[in-house]
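Just so we're clear, the structure is a prediction, and the values are computed from it rather than from any experiment.
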Amino acid sequence: MISEGTVKSLIPIIQSDILNDYYGGKQYDQLTDSEKKQLQIDIDNECKNVQNTVEQWTSNKQYQSWIYDILKT
């Protein structure tokens with residue numbers, strides 16, 4: 001399993017993409033409480049999707065770390 005810290009390091013990027021794509025570019029503090037809850041669900045789901053994809057590519061932890069570094073850039 002990939003380190004959670006590695007997956008969590010992608011959260012700012014994922015959040016920004018979701019806010020731009022699904023919330024019209026709103027900032028987090030402009031969201032309603034229900035939108036914030038949905039955003040968190042969306043972020044969690046996307047993190048799981050990314051993690052599953054990386055794990056399918058390789059089980060080598062060093063390669064996984066390298067892939068996450070590439071994804072962050």
| task | Kindly write out the residues that satisfy salt bridge (Lys or Arg N to Asp or Glu O under 4.0 Å) with D69, not counting sequence neighbours, or none if the list is empty. | result | K72

| request: Report yes or no: do Y22 and L10 belong to one cluster of Ile/Leu/Val/Met/Phe/Trp/Tyr joined by side chain heavy-atom distances under 4.5 Å? | output: yes

| request: Begin from the C-alpha positions of Q64 and T58 and carry the test side-chain contact (heavy atoms from CB on, under 4.5 Å) through to its verdict. | output: CA-CA 7 Å; Q64 289 173 351; T58 182; 3.9 Å; yes

| message | Could you tell me if the side chain of V7 sits less than 4.5 Å from the side chain of V50, heavy atoms only? | response | no

| task | Keeping the roles fixed (side chain from S16, backbone from P12), state whether a donor-acceptor pair exists under 3.5 Å. | result | no

| field | Q38 side chain to D42 side chain, donor-acceptor N/O pair below 3.5 angstrom | value | yes

| What do you reckon, is CG of D21 surrounded by more than 12 foreign heavy atoms closer than 6.0 Å? | yes

| task | State, yes or no, whether a side-chain contact exists between Q30 and E35 at a heavy-atom distance under 4.5 Å. | result | no

| Does the side chain of L71 reach to within under 4.5 Å of the side chain of I13, using non-hydrogen atoms? | no

| query | Can you tell me if Q40 and D44 form a side-chain donor-acceptor pair at under 3.5 Å? | reply | yes

| request: Applying side-chain contact (heavy atoms from CB on, under 4.5 Å), run through K61 and W66 and close with a yes or a no. | output: CA-CA 9 Å; K61 299 298 182 197; W66 179 69; over 6 Å; no

| Going by heavy atoms in the side chains, are C47 and I11 under 4.5 Å from each other? | yes

| message | How about NZ on K36, more than 12 heavy atoms from neighbouring residues, nucleotides or ligands closer than 6.0 Å, or not? | response | yes

| Side-chain heavy atoms of L39 within contact of Q15, under 4.5 Å | yes

